[in-house]
Amino acid sequence: MQAPSRPKARVIFLGPPGAGKGTQAERLANALRVPRISTGDMLREHIVRGDALGKAASPYMERGGLVPDDLLVEMIRNRIAEPDCAHGYILDGFPRTLPQAEGLEEMIGGTKDVVVLDMEVPHDELMRRLSGRGRDDDKAEAVAKRLLEYKERTTPLVEWYAERSRFHRIDGFRPMDTVFADLISRVEAPK
Ligand code: ADP
């Protein structure tokens, strides 16, 4: 017998580094039974493999800068064509710029049914969280650069998606379970 069809669940997480996107995206992916696609994780895997994409991406990542848009758009185009994305996916870390959002728009034919969750956390709390993290690309200077990149290049996406998708602003400065309950309710709300 064929499994009953389920609606496609496509979710985009927005929010600065340190907002808690990764953790919440993983929980949401498990709850919805769709893959979490973290572009940061994917890029780090390419770097570990030492392939062409990894070699191209690593100098940008070390400095806390963004990897060029065309590389990201092609990486996502290939990823969402994989069979495990048939019922949807959670995008964590993509799109991060307007050209990436345009690339996605073109690739999936519009984002009207896509849920966009914009996780916001006060700046002081972000600094506190990020300075305690200590990953390789989390050196103080790179942290500051990543927050600035977010502000300059990713925040314009808030306006972009507010008009084009099922957009929700989420207060990320609350206990993790409270945030998660909020996220789930937004995703499951009738369109
Ligand atoms: P964080 O969300 O904490 O900044 P990520 O793991 O999502 O960390 O990303 C780490 C780095 O990978 C980014 O600083 C950037 O250099 C690169 N990266 C990830 N996603 C993208 C993207 N969509 N566009 C450009 N660069 C990206």
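Sequence positions, counted from 1, serve as the residue numbers for this chain. Indexing begins at 1, ligand by ligand and atom by atom, following the structure's order.
- Here's the thing with Tyr60: none of its N/O atoms is less than 3.5 angstrom from an N/O atom of ligand 1.
- Proximity of Glu149 to ligand 1, defined as any heavy-atom pair under 4.0 Å, is not found for any part of the residue.
- Counting atoms of ligand 1 from 1 in the listed order, those under 4.0 Å from a heavy atom of Arg146 are 1 (P), 3 (O), 4 (O), 8 (O), 14 (O).
- Residue-ligand proximity, Lys21 to ligand 1, at heavy-atom distances under 4.0 Å covers atoms 2 (O).
- At a heavy-atom distance under 4.0 Å, no atom of Asp92 approaches ligand 1.
- For the pair Leu157/Asp118, no side-chain contact is recorded, criterion being any heavy-atom separation below 4.5 Å from C-beta on.
- By the 4.0 Å N-to-carboxylate-O rule, Asp177 lies close enough to Arg27 to be salt-bridged with it.
- Ligand 1 has no nitrogen or oxygen under 3.5 angstrom from a nitrogen or oxygen of Pro17.
- For ligand 1, the atoms sitting less than 4.0 Å from at least one non-hydrogen atom of Arg44 are 6 (O), 10 (C), numbered in the order shown with element in parentheses.
- The N/O atoms of Thr39, backbone and side chain alike, include one that comes under 3.5 Å of an N/O atom in ligand 1.
- Atoms NE2 and CD, on His123 and Glu125 in that order, are 11.5 Å from each other to the nearest 0.5 Å.
- Taking only nitrogen or oxygen atoms, main chain and side chain alike, Leu43 does not reach within less than 3.5 Å of ligand 1.
- The minimum heavy-atom distance linking Tyr161 with Leu14 is given by the pair CD1-CD1, 4.3 Å.
- Legend: residues meeting side-chain hydrogen bond (donor to acceptor under 3.5 Å, both in side chains) with Arg166, ordered by chain and number and at least two apart, are absent.
- Cation-pi contact between Arg96 and Phe94: absent, since separation from the ring centre below 6.0 Å together with deviation from the ring axis within 45° is not met.
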*Glu149 and Arg146: salt bridge (charged side-chain N to carboxylate O under 4.0 Å, His left out), yes or no, with the steps?*
CA-CA 5 Å; Glu149 288 276 26; Arg146 278 159 59 219; over 6 Å; no

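- Look at Asp84 and Arg79 and you find a salt bridge, because one of the NZ, NE, NH1 or NH2 atoms lies within 4.0 Å of a carboxylate O, short of that distance.
- Taking every non-hydrogen atom of Gly93 and a distance limit under 4.0 Å, the qualifying atoms of ligand 1 come out as 20 (N), 21 (C), 22 (C), 23 (N).
- Listed by atom number, the atoms of ligand 1 under 4.0 Å from Gln100 heavy atoms are 22 (C), 23 (N), 24 (N), 25 (C).
- At a 4.0 Å heavy-atom cut-off, ligand 1 touches Met61 through backbone and side chain alike.
- At under 3.5 Å, not a single nitrogen or oxygen of Asp41, backbone or side chain, sits near a nitrogen or oxygen of ligand 1.
- With a heavy-atom cut-off of 4.0 Å, Leu72 touches ligand 1 through its side chain alone.
- The shortest N or O to N or O distance between Phe94 and ligand 1 is not under 3.5 Å.
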Result block: side-chain N/O donor-acceptor pairs under 3.5 angstrom for residues 103-111, not counting sequence neighbours:
unit_1: Glu105; atom_1: OE1; unit_2: Thr111; atom_2: OG1; d: 3.2
unit_1: Thr111; atom_1: OG1; unit_2: Arg164; atom_2: O; d: 3.3

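- Salt bridge absent: Lys145 and Glu141 never bring a charged side-chain N and a carboxylate O closer than 4.0 Å.
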